[in-house]
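Heads up: the structure comes next, in structure tokens.
Chain letters run A, B, ... following the sequence lines, proteins first, then strands; residues in each count from 1. Just so we're clear, the structure is a prediction, and the values are computed from it rather than from any experiment.
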2 protein chains.
Amino acid sequence: MCARVPNVADGMAPDRNRRRIPDATVSRLPVYLRILGEQAEAGVDNISSEGLAELAGVNAAKVRKDLSYLGSYGTRGVGYEVAYLVYQIRRELGLTHDWPVVIVGAGNLGQALAGYGGFGERGFPVAGIVDIDTTKVGTVLGGTRVRHIDELPQIVQTRRVNIGVIATPGAAAQDAADRLVKAGVTSILNFAPIVLSVPRAIEVRKVDLAVELQILSYHEQRRAGGAIHAVQSGTGRSATA
Amino acid sequence: MCARVPNVADGMAPDRNRRRIPDATVSRLPVYLRILGEQAEAGVDNISSEGLAELAGVNAAKVRKDLSYLGSYGTRGVGYEVAYLVYQIRRELGLTHDWPVVIVGAGNLGQALAGYGGFGERGFPVAGIVDIDTTKVGTVLGGTRVRHIDELPQIVQTRRVNIGVIATPGAAAQDAADRLVKAGVTSILNFAPIVLSVPRAIEVRKVDLAVELQILSYHEQRRAGGAIHAVQSGTGRSATA
DNA sequence: AGGCACTCGTGCACACATTCACAAAGCCAG
DNA sequence: CTGGCTTTGTGAATGTGTGCACGAGTGCCT
Ligand SMILES: NC(=O)c1ccc[n+]([C@@H]2O[C@H](COP(=O)([O-])OP(=O)(O)OC[C@H]3O[C@@H](n4cnc5c(N)ncnc54)[C@H](O)[C@@H]3O)[C@@H](O)[C@H]2O)c1
Ligand SMILES: NC(=O)c1ccc[n+]([C@@H]2O[C@H](COP(=O)([O-])OP(=O)(O)OC[C@H]3O[C@@H](n4cnc5c(N)ncnc54)[C@H](O)[C@@H]3O)[C@@H](O)[C@H]2O)c1
């Protein structure tokens with residue numbers, strides 16, 4: 001495999017895409033959406049980029065640029081109409097209809113997820129939860145009965161599921177991913193601490209608690225001065241300097 | 001050991017920047033670290049940037065550049081010594097000692113987190129879990145007794161906690177953050193779906209399930225062609241024009 | 001010893017993201 | 001209708017991240 005010469009023609013799809021929205025923007029739109037929803041509920045009809053930026057904790061210019069990818073939906077001198085903006089963002093994110101999800105793994109985390117109402121409320125109803133452990137099959141979590149993982153293909157097909165959530169131990173996560181892909185799922189949210197290997201066409205996002213904590217640790221360590229190199233010989237670098 | 005109190009006078013020297021490691025790199029180091037740990041366990045002594053890149057699902061040049069921020073710890077023609085690299089990454093991430101964490105909110109998620117062994121195993125023992133609901137106080141989760149939130153300052157101080165985890169409903173998250181900051185916590189991992197407002201010096205990372213799902217939704221929608229619904233009528237906006 | 005195969009470390013060019021700054025556009029008062 | 005005020009939308013500047021390409025070490029084989 002080391003002979004594999006970098007193939008230029010590989011990968012990049014031609015620009016058949018309509019307006020492509022930058023990843024960074026896509027990841028902020030849900031935040032704007034939630035804030036706008038809250039504002040709408042509070043009776044706010046109109047909001048400026050600066051107001052929204054404040055609430056979202058970002059720069060106003062960034063808000064304007066982000067929203068400009070959706071089109072020119074603001075009114076100069078006034079701001080954005082909240083309800084209309086909500087509609088546009090929802091449309092762009094594909095939230096005009098529900099996306100049922102299937103959860104693989106009914107352990108600690110799977111149970112918390114299944115019991116969490118916020119899922120369905122936001123347009124992602126739990127179409128099913130499966131586990132390989134037969135002693136867990138049949139129990140009911142958050143109104144959904146746990147089914148055996150062999151029933152996964154059936155759940156995915158009959159409920160038209162596109163999104164799978166992996167909540168198995170790391171050692172089983174690749175197996176879970178393989179099964180999900182085989183069943184027809186095209187997007188995966190992975191909570192297991194491993195790097196999944198899936199076909200290129202499958203969209204994977206990971207939520208890794210250990211990574212997050214270690215990033216915080218990095219900043220704490222560096223805040224503490226980092227240079228506590230006095231007592232222990234442990235810090236003895238400079239060897240190969 | 002040598003527990004340096006996290007500096008009361010947060011004035012400190014502004015740019016005490018030794019080598020600053022790019023954020024993107026910091027977020028990948030934990031991934032490398034986990035993989036290297038697995039390799040070490042499997043008896044692998046040495047690994048090349050290409051081998052590590054393959055396992056981490058990234059580009060080999062990126063691995064080399066990332067590792068180069070730690071120093072020149074590789075051997076040309078050979079690769080990196082796994083054990084030494086593990087040591088260096090751990091040191092850089094501040095993982096040479098434990099970072100106790102305190103969890104605020106003992107609901108669905110808080111329980112899953114407290115019951116999750118992977119926390120302590122990776123150097124982040126649960127120093128305490130608190131809740132405002134007195135009916136939850138006293139119950140035991142994952143070996144830790146739930147205590148009342150008023151005890152937060154005491155827990156943070158006696159256990160020297162720097163990292164707080166917020167697992168309360170969104171409406172209570174800002175309150176939780178305020179209490180954590182007041183108690184002396186300087187890093188926060190937030191699971192609630194709101195934008196926290198904290199002093200600049202506090203490091204906050206968020207894990208937002210709804211955002212992740214909506215990003216997946218965006219890609220699904222765009223994969224589907226985006227124009228599935230021609231049926232929908234009015235834009236809902238007061239017809240401008 | 002010399003040559004050769006291998007792999008690191010990094011300069012460089014390009015891509016992506018953020019922020020600034022300002023003209024264009026809308027609103028309103030008079 | 002005009003002028004002043006506000007806020008958008010976006011070009012341009014700056015900052016950050018990625019990936020290629022290749023020189024420079026290193027170890028092994030002859
Ligand atoms: N619990 C948490 O708070 C938490 C936090 C962060 C990350 N995680 C990660 O989430 C994952 C799940 O954690 P958990 O605490 O729920 O673990 P768990 O052991 O409680 O649950 C795992 C479940 O997956 C099932 N399972 C195992 N192999 C399977 C397979 N091949 N197919 C289907 N189901 C299978 C098991 O039967 C079990 O019910 C782990 O990877 C963990 O690292 C959990
Ligand atoms: N459960 C999940 O799987 C899940 C998934 C994604 C996100 N979340 C988010 O995590 C958070 C917690 O979810 P959950 O399902 O555990 O909710 P939950 O309602 O089960 O638990 C919340 C807990 O917080 C406690 N609490 C409320 N106000 C408090 C305060 N001011 N101080 C301290 N404790 C307080 C409550 O007593 C309760 O025990 C929510 O913000 C939710 O959106 C949960």
Residue Ser48(B), side-chain heavy atoms: nucleotide from dT7(D), dA17(C), dT7(C) that is nearest: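 Of all the options, the side chain of Ser48(B) is nearest to dT7(C).
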Per Tyr80(B) side chain, nearest of listed nucleotides dG9(C), dC27(C), dG27(D):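 That would be dG9(C).
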Tell me: [atom1] of [X] to [atom2] of [N], nearest whole Å?
{"X": "Asp23(A)", "N": "dA15(C)", "atom1": "CG", "atom2": "P", "value": "16 Å"}
{"X": "Asp66(A)", "N": "dG9(D)", "atom1": "CG", "atom2": "C1'", "value": "13 Å"}
{"X": "Leu67(B)", "N": "dT10(C)", "atom1": "CG", "atom2": "P", "value": "12 Å"}
{"X": "Asn59(B)", "N": "dT10(C)", "atom1": "CG", "atom2": "P", "value": "17 Å"}
{"X": "Leu52(B)", "N": "dT7(C)", "atom1": "CG", "atom2": "C1'", "value": "14 Å"}
{"X": "Tyr69(B)", "N": "dC8(C)", "atom1": "OH", "atom2": "P", "value": "17 Å"}
{"X": "Ile47(A)", "N": "dT8(D)", "atom1": "CD1", "atom2": "P", "value": "10 Å"}
{"X": "Lys62(A)", "N": "dG9(D)", "atom1": "NZ", "atom2": "P", "value": "18 Å"}

Distance-only donor-acceptor test, Arg76(A) side-chain atoms vs dT8(D) base atoms, 3.5 Å: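 Answer is yes: a donor-acceptor pair is held.
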Presence of donor-acceptor pair under 3.5 Å, side chain of Lys65(A) and base of dT18(C):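 Looking at the base of dT18(C), it does not pair with any donor or acceptor on the side chain of Lys65(A) (distance under 3.5 Å).
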N/O (side chain, Tyr73(A)) to phosphate O (OP1/OP2, dT7(D)) under 4.0 Å: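 No.
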Side-chain N or O of Ser49(A) closer than 4.0 Å to phosphate OP1/OP2 of dT7(D):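 No, outside the criterion.
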Rounded distance (nearest 0.5 Å) linking atom OG of Ser27(B) with atom CD1 of Ile21(B):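 One finds 11.5 Å between OG of Ser27(B) and CD1 of Ile21(B).
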Gap between atom OH of Tyr116(B) and atom CD of Glu121(B) - 0.5 Å precision: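 Between atom CD of Glu121(B) and atom OH of Tyr116(B) there are 7.5 Å.
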Ion pair Asp66(A)/Lys62(A), N-O distance below 4.0 Å: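 No, no charged N to carboxylate O under 4.0 Å.
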Ser217(B): partners by side-chain contact (heavy atoms from CB on, under 4.5 Å), with sequence neighbours left out: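 Partners of Ser217(B) by the side-chain contact (heavy atoms from CB on, under 4.5 Å) criterion, ordered by chain and then number, come out as Leu95(A), Trp99(A), Phe124(A).
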Touch class at under 4.0 angstrom, heavy-atom based, for Ala61(A) against every strand present: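 Since a base atom lies under 4.0 Å of Ala61(A), the category is base.
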Of all pairs that satisfy salt bridge (charged side-chain N to carboxylate O under 4.0 Å, His left out), the ones with a partner from residues 29-39 of chain B, not counting sequence neighbours: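 Qualifying pairs: Asp208(A)-Arg34(B).
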5' precedence on DNA chain C between Gly74(B) and Gly77(A) (nearest-nucleotide basis):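 Comparing both residues, the 5'-ward one is Gly74(B).
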Residue whose nearest DNA chain C nucleotide is more 5′ - Arg64(A) or Ser68(B):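 Result of the comparison: Ser68(B).
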